[in-house]
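First up is the structure itself, then whatever we jot down about it.
The shown structure was predicted, so the numbers you read here are calculated from the model rather than taken from an experiment.
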Amino acid sequence: MAIVLEKLCKAYGHHPVLTDFSASVPEGRVTAIMAPSGQGKTTLLRILMGLEMPDSGKISGLSGRKFSAVFQENRLCDNLSPISNIRLVAPEQKRAQIISAMESVLLADCFHQPVRELSGGMRRRVAILRALLADYDVLFLDEPFKGLDEKTRQVVIWDTKIRSAGKTVFLITHDPWEARIMEACQILSLH
C-alpha cells in the first residue's frame with residue numbers, strides 16, 4: 001500500500017517550512033527527498049515518523065508499520081561497543097551476523113571498543129548498520145552517508161542498497177548520485 005501525503009503544512013512561528021506538500025510514495029521502493037538546506041526535508045521525515053505533528057494535512061499508509069532511522073546525528077550510546085549499540089535495536093541478531101555486517105562496511109577490529117573511541121566515520125557506519133539490522137518496514141535515512149570518505153561512502157551505499165532491498169525507504173540527500181545508486185524511483189523536491 002502506498003504512503004500518501006496530502007497537503008501537509010508545517011510552520012515554526014511565522015516561518016513556513018512545508019506548504020500544501022502532497023506526494024504518493026510506493027511501497028517497497030526508495031524515494032529520495034532533495035532540496036536546499038532549510039527547506040523542510042528533516043521536518044518532513046520527523047512528521048512521517050510521528051516525532052512532530054503537521055499543522056494541517058493528512059498522512060495515510062503508515063499505520064501499524066515498524067520504522068527504523070538514521071538521523072543526521074548518530075545517536076549512539078558512547079560507552080557501549082558497536083555490537084551492543086546494534087543489539088539495542090536488533091536483539092535477534094547473532095553476534096556473528098553483526099560482525100559480518102560490520103566487516104561488510106569496513107568496520108573490522110573495533111567490535112568491542114566503546115563507540116566514543118571510534119572516528120566520526122566509524123560511528124556513522126555503526127549508526128547506519130544499527131538502522132539496517134533492526135526489524136523494520138519503513139527506513140528513514142537523513143543524509144546518512146555525509147562525512148564518509150569517497151571509498152567508504154561507495155561501499156556503505158551499496159551495502160545499504162542490498163540490505164534495504166524490498167523495503168520502503170525515504171532517503172534525504174543532496175547528491176543525485178546517491179539517489180541513482182540507491183535506485184530511487186522518484187525524487188521529491190521541496191521548495
Side-chain angles (χ1 to χ4, degrees), residues 29-46 48-49 67-90 93-134 136 138-190:
R29 304 288 303 275
V30 176
T31 293
I33 302 169
M34 299 180 76
S37 295
Q39 297 294 310
K41 301 179 300 296
T42 297
T43 298
L44 176 60
L45 247 58
R46 291 180 59 79
L48 290 168
M49 287 187 274
F67 301 157
S68 189
V70 177
F71 295 92
Q72 287 186 19
E73 319 81 32
N74 293 323
R75 300 189 181 191
L76 298 170
C77 296
D78 283 346
N79 293 326
L80 297 181
S81 69
I83 291 174
S84 296
N85 266 282
I86 291 167
R87 278 217 168 122
L88 285 173
V89 299
Q93 292 284 339
K94 306 248 184 303
R95 184 178 181 279
Q97 292 171 303
I98 295 172
I99 287 174
S100 172
M102 288 177 66
E103 289 170 340
S104 72
V105 294
L106 312 176
L107 276 176
D109 304 324
C110 67
F111 308 122
H112 302 294
Q113 275 181 269
V115 295
R116 70 174 179 275
E117 295 176 5
L118 304 182
S119 72
M122 294 169 86
R123 287 195 299 269
R124 192 66 181 154
R125 283 174 274 161
V126 173
I128 292 167
L129 274 183
R130 183 182 57 183
L132 290 170
L133 295 176
Y136 64 89
V138 182
L139 179 63
F140 297 97
L141 301 172
D142 194 348
E143 298 186 50
F145 314 116
K146 190 175 176 182
L148 298 176
D149 67 71
E150 193 52 39
K151 176 188 173 210
T152 305
R153 184 172 75 122
Q154 291 183 25
V155 168
V156 174
I157 289 173
W158 282 103
D159 189 72
T160 301
K161 176 182 170 180
I162 290 163
R163 291 184 192 280
S164 64
K167 302 285 190 174
T168 302
V169 178
F170 289 88
L171 168 67
I172 291 180
T173 180
H174 288 281
D175 189 337
W177 178 81
E178 291 180 359
R180 268 196 315 278
I181 295 299
M182 288 290 292
E183 295 183 10
C185 68
Q186 67 180 340
I187 295 176
L188 302 181
S189 180
L190 307 178

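To the nearest 0.5 Å, atoms CG (Leu45) and CD1 (Ile172) are separated by 4.0 Å. Here the CE atom belonging to Met122 is positioned 10.5 Å from the CD atom belonging to Glu117, to the nearest 0.5 angstrom. The distance from atom OG1 of Thr173 to atom CD1 of Ile157, rounded to the nearest 0.5 Å, is 7.5 Å. Distance CD1/Ile83 to CD1/Ile98: 6.0 Å, rounded to 0.5 Å. Between Ile33 atom CD1 and His174 atom NE2 the span is 11.5 Å, to the nearest 0.5 Å. Separating the CG atom in Leu132 from the CZ atom in Arg163 is a distance of 7.0 Å, to the nearest 0.5 Å.
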Please walk me through it: do Val105 and Leu129 pass side-chain contact (heavy atoms from CB on, under 4.5 Å)?
CA-CA 9 Å; Val105 294; Leu129 274 183; 3.6 Å; yes
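Distance alone, capped at 3.5 Å, is enough to place a donor-acceptor pair between the Thr160 side chain and the Val156 backbone. Of the possible donor and acceptor atoms, one in the side chain of Arg130 sits under 3.5 Å from a partner among the backbone N and O of Arg75. Side-chain N or O atoms of Glu178 include none that pairs as donor or acceptor with a backbone N or O of Phe145 at under 3.5 Å. No side-chain donor-acceptor contact under 3.5 Å links Ser81 to the backbone of His112. Ser164 places no side-chain N or O within 3.5 Å of a backbone atom of Lys167 that could act as its donor or acceptor partner. At least one donor-acceptor pair under 3.5 Å links the side chain of Ser104 to the backbone N or O of Ala101. Under a 3.5 Å cut-off, the side chain of Gln97 and the backbone N or O of Lys94 do form a donor-acceptor pair.
By the neighbour-count criterion of 12 heavy atoms within 6.0 Å, atom CG of Asp109 is sparsely surrounded, having that number or fewer from other residues, nucleotides or ligands.
Between Arg116 and Leu76, every side-chain heavy-atom pair lies at or beyond the 4.5 Å cut-off. Residues Asp142 and Gln72 form a side-chain contact, since some pair of their non-hydrogen atoms from C-beta on lies under 4.5 Å apart. Between Val115 and Pro82 there is a side-chain heavy-atom pair separated by less than 4.5 Å. Within the 4.5 Å cutoff, the side chain of Leu80 has no heavy atoms near those of the Arg87 side chain. Using a 4.5 Å heavy-atom threshold, the side chains of Ser68 and Val89 count as separate.
Here Lys41 does not pair with Glu143 in a salt bridge; the nearest charged N to carboxylate O distance is not below 4.0 Å. Checked for salt-bridge contact, Asp159 and Arg125 miss the test: no charged N lies under 4.0 Å from a carboxylate O.
Ring geometry for Phe67 versus Phe140: interplanar angle over 60°, hence perpendicular rather than tilted (30 to 60°).
Of the candidates Lys146, Arg180, Arg153, Arg153 is the only one forming a salt bridge (Lys or Arg N to Asp or Glu O under 4.0 Å) with Asp175.
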